[in-house]
Colleague: 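First, the structure itself, so that you have it in front of you.
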Amino acid sequence: MPVHNADIAAKLDEIADLLEIEDANPFRIRAYRNAARTLRDLSREVTSLLAQGEDLTELPGIGKDLAGKIEDIVKTGTTPMLDEHRRAVPPTLVELLKIPGLGPKRVKTLSRTLGIRTLKDLHHAARTGRISALTGFGEKLERQILHELEARAGAEGRFKLATAAQYAEALVAYLKASPGVGRVVAAGSYRRARETIGDLDILATARADSPVMDRFVSYDEVEAVLAHGGTKATVRLACKLQVDLRVVGEESYGAALQYFTGSKAHNIVLRQLAQQRGLKVNEYGVFKEERRVAGQTEESVYAAVGLPWIPPELRENRGEFDAAREGRLPQLVQLGDLRGDLHAHTNATDGRNNLTEMARTARARGFEYLAICDHSQRLAMTHGLDAKRLLAQLDEIDRLNETKPGITLLKGIEVDILEDGRLDLPDGVLGRLDLVVAAVHSHFNLSRERQTERILRAMDRPHFTILAHPSGRLIQEREPYDVDLPRLIRQARERQCFLEVNAHPERLDLADAYCRMAKEEGVLVSINSDAHSVLDFENLRFGVGQARRGWLEPTDVLNSRPLSALRPLLQRTM
DNA sequence: GCCGTTTTCGGCCCGACTGTTTTCAGTCG
């Protein structure tokens, strides 16, 4: 049974949860949480680090003790300390912590006084009014618990970035129309472009007499008002997205934006840096004693601790502070850097629009080129192209290009990688294309070895250009298939081929950590829309967000190159 | 439990809101 980093991280988080219920030293608890996070963000598997005899204490936040426990977990799936705490505390209590309003103290009280162990126990106790009868609990909390448990049945915990964007943009526009309001911006993980959003943090500047708070809680999509103070309010929208609004004065805008953008781990380090300079950072500004020394802009906040402004997508405490200090922050790729798109479909297969419509829309975006990459024959349900239909499409592309449509259409295919690593069309046909985008669409459940071998073999084919959606995951719907991505990345470097960041909101595949790894290995990444209609080019911004989270600069991105520079790179693979 | 050019002990980010507290604990982000 392979133990992945996420499995180890889950165990460490469980220890932290149990320690919380036991009222342990909060800093000790934080140490477990930090270590869990370090492992989740690691681009290499701990098991392979250990196999190579590397020292885990080199990792940030992992000392001798935690290194030992991690080794235990790798070897046995658990560690004696976890087992001990599971005996001391009913492990099902950990579930209760996830109910808003219930923290370790209340969970402990519920367990001690009412014998509540599980969510089911909790539901029963809430329904029969036994919770509100306890001191320290009230009727309101009991109702909140009941509602949460009942809403939970169908609700998703997190929202995909693109889904959250729809709610966020509408709400921001609505708030901007309030009298006395200055700026309104969505901060939090949304601004950091995380692939999923737990809740939405909106920041506004406003005059003291502005009705923006009241306007917020009376937004017509608000289903429940969870908190409503003078500077902070929390609501739940009908779609179940929780939204916080914080209002600060204009002079605090930068400090508040910095603060509410996070991440938490990033902000902790920033405050430590401030402390070392005798400064205090909070959401109202940077203070020396009682005197505010910065805070109107984010730049001023970072400048106060001697750093340049750090882009939100990097604020995860994954090395951005060192990079900032040493003047080597990346100049991150922007949407406007993309010169074309190397993966789009037409109605020849499962797309909605024809070649001309796709070309026209891409040109209107200012693209210099667009690669038409319809599915291959094996994907029968998409009416995938066989050799004959593909060759017919190539003629059509030639004809369209001859009309000087203001954009160059490149000839491509999204060819299936078959179970044995062969491609779904013969080399003779693939050789006539400008590029070959290859993808796994079947046999997701192969063993890690077989899946990796399968893709490596496909990459060895002479015309292989880009590995599409390399992990195959669908966010919140399908786990990635089990594959050794670091090995694929190294192979791409050897083979001088490329990996895709698929910008489709359900994919965002490669994930950020692997984008960064590709960059470190010198493998170029192509940010592709995988458009199935003219509307889908809009998704490219989410792909760019993911690439930025992976520290990618324009030079790291294949399709930031003009056509003249792109062609030789494509030909290398053909 | 981690960490260190103020180092091996003593710190570790900080404030708002809620409910039930009659002066503040618990939770959250």
Side-chain angles (χ1 to χ4, degrees), chain A residues 12 15-16 19-21 23-38 56-70 79 81 85 96-110 131-145 148 187-190 192 197-203 213 217 224-235 242-248 252 255-256 258-287 301 305 317:
Chain A
L12 297 179
I15 293 175
L19 287 173
E20 273 203 274
I21 296 169
D23 202 16
N25 178 347
F27 299 106
R28 188 176 169 217
I29 296 166
R30 185 190 295 172
Y32 282 94
R33 300 231 184 266
N34 285 342
R37 192 173 168 283
T38 296
L56 296 184
T57 63
E58 298 286 308
L59 298 172
I62 294 177
K64 228 175 125 188
D65 181 275
L66 273 165
K69 291 194 172 97
I70 291 169
T79 174
M81 184 257 200
H85 287 277
L96 306 188
L97 287 176
K98 302 197 168 63
I99 303 294
L102 293 188
K105 299 283 189 325
R106 286 177 179 153
V107 164
K108 196 154 115 181
T109 304
L110 289 172
I131 289 175
S132 55
L134 295 174
T135 51
F137 294 74
E139 284 186 14
K140 204 156 177 185
L141 180 62
E142 186 172 67
R143 276 201 303 277
Q144 186 187 324
I145 291 170
E148 178 64 28
S189 50
Y190 179 77
R192 303 200 314 277
I197 305 296
D199 59 17
L200 194 60
D201 300 296
I202 296 181
L203 173 69
M213 244 346 148
V217 298
V225 178
L226 307 177
H228 184 183
T231 63
K232 175 182 170 176
T234 303
V235 302
Q242 189 165 311
V243 187
D244 284 350
L245 175 65
R246 297 290 296 246
V247 177
V248 299
S252 297
Q258 195 289 321
Y259 181 87
F260 293 114
T261 296
S263 65
K264 195 172 180 175
H266 176 92
N267 286 357
I268 287 173
V269 175
L270 184 79
R271 286 174 185 212
Q272 285 167 342
L273 292 176
Q275 264 192 345
Q276 288 163 14
R277 294 174 167 239
L279 300 170
K280 186 180 75 171
V281 178
N282 61 27
E283 56 263 57
Y284 300 110
V286 181
F287 295 87
V301 174
V305 296
N317 192 25

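Treat the numbers as computed from the prediction; the structure is a model and nothing was measured. A, B, ... follow the sequence lines: proteins, then strands. Residue 1 opens every chain. These numbers come from the heavy atoms of this one structure, side chains and all, not from hydrogens, waters or symmetry mates.
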Colleague: For A:L56 and B:dG1, what is the distance between atoms CG and P respectively, to the nearest whole Å?
Modeller: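 In whole Å, B:dG1 P lies 16 Å from A:L56 CG.
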Colleague: Tell me the interatomic distance from A:L66, atom CG, to B:dC2, atom P, rounded to whole angstroms.
Modeller: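 The answer, rounded to whole Å, is 4 Å.
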Colleague: So which heavy atom on A:D199 is nearest to which on A:S189, and how close?
Modeller: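 Taking every non-hydrogen atom into account, O-OG, 4.4 Å.
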Colleague: Does A:Q258 reach the side chain of A:N267, with side-chain heavy atoms less than 4.5 Å apart?
Modeller: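 Counting from C-beta outward, A:Q258 and A:N267 do come under 4.5 Å.
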Colleague: If I compare all heavy atoms of A:A274 with all of A:V281, which pair ends up nearest, and what's the gap?
Modeller: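 Residues A:A274 and A:V281, closest heavy atoms: CB-CG2, 3.4 Å.
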Colleague: Whole angstrom is fine here: how far is it from CZ in A:R30 over to P in B:dG11?
Modeller: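 Answer to the nearest Å: 15 Å.
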Colleague: Kindly give the heavy-atom pair with the smallest separation between A:T234 and A:D244, and that separation in Å.
Modeller: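 Result for this residue pair: OG1-OD1, 2.8 Å.
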Colleague: Looking at B:dT8, which nucleotide sits across from it as a Watson-Crick or G-U wobble partner, both distances under 3.5 angstrom, or is there none?
Modeller: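 The answer is none; no pair meets the criterion.
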Colleague: Mind checking the P distance from B:dC3 to B:dT8? Whole angstroms is fine.
Modeller: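 The same atom, P, in both gives a distance of 16 Å.
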Colleague: Take atom CG of A:L102 and atom C1' of B:dC28, then tell me their distance rounded to the nearest Å.
Modeller: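 Whole-Å distance recorded here is 13 Å.
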Colleague: Measuring only the P atom in each nucleotide, how far is B:dG1 from B:dT6? A whole number of Å is fine.
Modeller: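 Roughly 28 Å separates the two P atoms.
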Colleague: Can you name the salt bridge (charged side-chain N to carboxylate O under 4.0 Å, His left out) partners of A:R192, sequence neighbours left out?
Modeller: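 Listed in chain order: A:E316.
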Colleague: For nucleotides 14-19 of chain B, just jot down a letter per nucleotide in 5' to 3' order: B, S or -, based on protein non-hydrogen atoms under 4.0 Å.
Modeller: BSSSSS
Colleague: Please identify each residue that fulfils salt bridge (charged side-chain N to carboxylate O under 4.0 Å, His left out) with A:E142, with sequence neighbours left out.
Modeller: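 Once residues adjacent in sequence are excluded, A:E142 has no partner under the salt bridge (charged side-chain N to carboxylate O under 4.0 Å, His left out) criterion.
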Colleague: Reckon A:R33 has a side-chain N or O less than 4.0 Å from the OP1 or OP2 of B:dG1?
Modeller: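 No, outside the criterion.
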Colleague: Please determine, for the side chain of A:K105, which listed nucleotide (B:dG29, B:dC13, B:dG26) has the closest atom?
Modeller: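 Selected nucleotide: B:dG26.
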Colleague: Each nucleotide N or O in nucleotides 3-5 of chain B that has a protein N or O under 3.5 Å away: list the pair and distance.
Modeller:
| from | atom 1 | to | atom 2 | distance (Å) |
| --- | --- | --- | --- | --- |
| B:dC3 | OP1 | A:G61 | N | 2.8 |

Colleague: If we take the P atom in both B:dT22 and B:dA16, what is their distance in whole Å?
Modeller: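 It comes out at 24 Å once rounded to the nearest Å.
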Colleague: Can you measure A:R277 atom CZ to B:dC13 atom C1' for me and round it to whole angstrom units?
Modeller: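 Distance, rounded to whole Å: 18 Å.
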Colleague: Both A:V269 and A:I29 contact DNA chain B. Taking the nearest nucleotide for each, which residue is further toward the 5' end?
Modeller: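 With A:V269 and A:I29 compared, the 5'-side residue is A:I29.
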Colleague: Could you grab the distance from atom CG of A:L203 to atom CG of A:L245, nearest 0.5 Å is fine?
Modeller: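 Nearest 0.5 Å value for the CG-CG distance: 8.0 Å.
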Colleague: Does B:dT6 adopt a syn or an anti glycosidic conformation, taking syn as a chi angle within 90° of 0?
Modeller: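 Because its glycosidic torsion lies more than 90° from 0, B:dT6 adopts the anti conformation.
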Colleague: Quantified in whole Å, what is the P atom distance between nucleotide B:dG15 and nucleotide B:dG10?
Modeller: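 Rounded to whole Å, the distance is 25 Å.
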Colleague: Rounded to whole Å, please give me the gap between CD1 in A:I268 and C1' in B:dG11.
Modeller: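 Answer to the nearest Å: 14 Å.
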Colleague: What pairs with A:E20 under side chain to side chain donor-acceptor pair (under 3.5 Å), at least two apart in sequence or on another chain?
Modeller: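 Result, side chain to side chain donor-acceptor pair (under 3.5 Å) vs A:E20: A:R33.
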Colleague: Relative to the 5' end of DNA chain B, which residue comes earlier, A:Q272 or A:T135, by the nucleotide with the nearest heavy atom?
Modeller: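 The 5'-side residue here is A:Q272.
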Colleague: Which whole-number value in Å describes the distance from A:D201 CG to B:dC28 P?
Modeller: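 After rounding, the gap between these two atoms is 15 Å.
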Colleague: Side chain of A:S252, backbone of A:Y284: donor and acceptor closer than 3.5 Å?
Modeller: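 A pair under 3.5 Å: yes.
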Colleague: Residues in salt bridge (charged side-chain N to carboxylate O under 4.0 Å, His left out) with A:K140, at least two apart?
Modeller: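 Applying salt bridge (charged side-chain N to carboxylate O under 4.0 Å, His left out) to A:K140 gives none.
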Colleague: Taking atom P in both B:dC12 and B:dC17, compute the distance separating them and give it to the nearest angstrom.
Modeller: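 Approximately 25 Å lies between the P atom of B:dC12 and that of B:dC17.
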Colleague: Determine the Euclidean distance between corresponding P atoms of B:dC28 and B:dT23; express it in Å to zero decimal places.
Modeller: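 Per the computed distance, 24 Å lies between those P atoms.
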Colleague: Can you give me the closest heavy-atom contact between A:N282 and A:F287, atom names plus distance?
Modeller: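 Reported closest heavy-atom pair: OD1-CE1, 3.3 Å.
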Colleague: Send over the distance from A:I99 CD1 to B:dT27 P, rounded to a whole Å.
Modeller: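 Rounded to whole Å, this separation is 13 Å.
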Colleague: Please classify the nucleic acid contact of A:P104 as base, sugar-phosphate, or nothing, using heavy-atom distances under 4.0 Å.
Modeller: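 Touches sugar-phosphate only.
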Colleague: What distance, rounded to whole Å, do you find between the two C1' atoms, one in B:dG19 and one in B:dC13?
Modeller: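 After rounding to an integer number of Å, I get 25 Å for this pair.
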Colleague: Taking the same atom, C1', in B:dT27 and in B:dT21, what whole-Å distance lies between them?
Modeller: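 So the two C1' atoms sit 15 Å from each other.
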Colleague: Is A:N25 touching bases, backbone alone, or none of the nucleic acid, heavy atoms closer than 4.0 Å?
Modeller: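 Base, at least one base atom sits under 4.0 Å.
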Colleague: Remember a base hit wins even if backbone is also touched, and classify A:K69 as base, sugar-phosphate or nothing at under 4.0 Å, heavy atoms.
Modeller: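 Sugar-phosphate: the residue A:K69, judged by heavy atoms under 4.0 Å, touches backbone atoms but no base.
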